[in-house]
There are 2 protein chains.
Amino acid sequence: MHKEHTLTKNQQIIFDLIDKSTEPMKAYSILFNVQKKGIKAPLQVYRALDKLVEIGKIHKIESRNAFIACHNSSCQVAKATAFSICEICEKVTEISSAGLSKYLANFKDKDGMKYSKYNLEFFGLCKKCR
Amino acid sequence: MHKEHTLTKNQQIIFDLIDKSTEPMKAYSILFNVQKKGIKAPLQVYRALDKLVEIGKIHKIESRNAFIACHNSSCQVAKATAFSICEICEKVTEISSAGLSKYLANFKDKDGMKYSKYNLEFFGLCKKCR
DNA sequence: ATATTTATGTTATATTATTACACAGCGTTA
DNA sequence: TAACGCTGTGTAATAATATAACATAAATAT
């Protein structure tokens, strides 16, 4: 079981914005959008983003420096993430595949080492862009 | 078979530096190190990095904004990369596992979509840091 | 109630990456 | 050879992403 995190005001504002967005949002675009709500400085945004990532409410798309809400209910901690990214329209989708998760969670390298966390980004063309 | 790419002067200087490094190098650290060789501006570095990534001589570690030389002879194009990253000492190792490559290259999502490229980053503690 | 931790607000600054423009070298081809 | 396309170079300026440092407030624990 996981502790339910009650979001603070800034965290809630920023999460709501990302959650409503149909595409990954960048930090300064988030900042621009929440300035009317009193969040004025980059650091306020980054602090909220850090926390939201930490508790698994959002994920960072590393190759794009952008953030999307997690829609995978089983993923309350940001320790195992996989995305597909369209190289034309930049649509990003979180991949939720039991097989893939299982394979990666159990993956051991040559030295028999297992890892506590991973991030996987697939690139290609989405249906629309083919 | 792949065309052999002859590196240009700037590309060669920057590749040599990254190749000799025991750890991933960041763009501005590269810049600092090659200034004595006449490469003075960030853009000169980024242009060389872009090309080196494109032809698979180096890879970008997205979560760290850093670059490492490819030591995987089979990987002449940057389309399928996997790394392990130690969260304490930041040691990065390229993972070369036939099983993993095969699994990911053949991975299809729910819609049966296959991808042309992927990047996977595993996080954990290396042997020394355990 | 006090200590501790977590979050906030603000200013300044560091770090990472790109735009825009001028020009040089090289192979093609007309 | 000259005109063209392509790739790479040099330089200055700037954009975009992220953090440091410091002061204060709110929430939680002892």
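Values reported hereafter were calculated over all heavy atoms of this structure, with side chains retained and with hydrogens, waters and symmetry mates removed. Sequence lines set the chain letters: A, B, ... in the order given, protein chains first and strands last, and positions in each chain run from 1.
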Enumerate, atom names and distances included, each donor-acceptor pair closer than 3.5 Å involving a side-chain atom of residues 19-32 of chain B, sequence neighbours excluded.
{"unit_1": "B:Ser21", "atom_1": "OG", "unit_2": "B:Glu23", "atom_2": "N", "d": "3.1"}
{"unit_1": "B:Ser21", "atom_1": "OG", "unit_2": "B:Glu23", "atom_2": "O", "d": "2.5"}
{"unit_1": "B:Lys26", "atom_1": "NZ", "unit_2": "B:Arg64", "atom_2": "O", "d": "3.3"}

Scan the side chains in residues 112-127 of chain A for donor-acceptor partners under 3.5 Å anywhere in the protein, sequence neighbours excluded, and list what turns up.
{"unit_1": "A:Tyr115", "atom_1": "OH", "unit_2": "A:Asp109", "atom_2": "OD2", "d": "2.4"}
{"unit_1": "A:Ser116", "atom_1": "OG", "unit_2": "B:Phe123", "atom_2": "O", "d": "3.3"}
{"unit_1": "A:Lys117", "atom_1": "NZ", "unit_2": "B:Glu87", "atom_2": "OE2", "d": "3.4"}
{"unit_1": "A:Asn119", "atom_1": "OD1", "unit_2": "A:Thr81", "atom_2": "OG1", "d": "2.7"}
{"unit_1": "A:Asn119", "atom_1": "ND2", "unit_2": "A:Glu121", "atom_2": "OE2", "d": "3.1"}
{"unit_1": "A:Glu121", "atom_1": "OE1", "unit_2": "A:Ser63", "atom_2": "N", "d": "3.3"}
{"unit_1": "A:Glu121", "atom_1": "OE1", "unit_2": "A:Ser63", "atom_2": "OG", "d": "2.6"}
{"unit_1": "A:Glu121", "atom_1": "OE2", "unit_2": "A:Glu62", "atom_2": "N", "d": "2.9"}

Donor-acceptor pairs under 3.5 Å, side chain of residues 37-49 of chain B to any protein atom, not counting sequence neighbours: which ones?
{"unit_1": "B:Gln44", "atom_1": "OE1", "unit_2": "B:Lys40", "atom_2": "N", "d": "2.9"}
{"unit_1": "B:Gln44", "atom_1": "OE1", "unit_2": "B:Ala41", "atom_2": "N", "d": "2.9"}

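Looking at B:Leu7 and B:Leu52, their side chains come closer than 4.5 Å, going by heavy atoms from C-beta outward. Counting heavy atoms from C-beta on, the side chains of A:Phe83 and A:Thr93 never come closer than 4.5 Å. Looking only at side-chain heavy atoms (C-beta outward), B:Phe67 and B:Ile61 stay at 4.5 Å or farther from each other. Side-chain contact check for B:Gln12 versus B:Thr8: every heavy-atom pair is 4.5 Å or farther apart.
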Side chain to side chain contact (heavy atoms under 4.5 Å, CB included) evaluation trace for B:Leu104 with A:Tyr103: CA-CA 10 Å; B:Leu104 293 177; A:Tyr103 185 89; 5.8 Å; no

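Summary for the helix from C:dA1-D:dT30 to C:dA30-D:dT1: the axes at its two ends, each from 5 pairs, differ by 30° when rounded to the nearest 10 degrees.
Between the side chain of B:Glu54 and the main chain of B:Lys51, no donor-acceptor pair closer than 3.5 Å is present.
A donor-acceptor pair shorter than 3.5 Å cannot be found between the side chains of B:Glu94 and B:His71.
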Annotated protein contacts, base or backbone, on nucleotides 9-28 of chain D with a non-hydrogen cut-off under 4.0 Å, one of B, S, - each: BBBB----BBBBB-------

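When DNA chain C is scanned in the 5' to 3' direction for atoms under 4.0 Å from non-hydrogen atoms of chain A, the outermost contacting nucleotides are C:dA7 to C:dT11.
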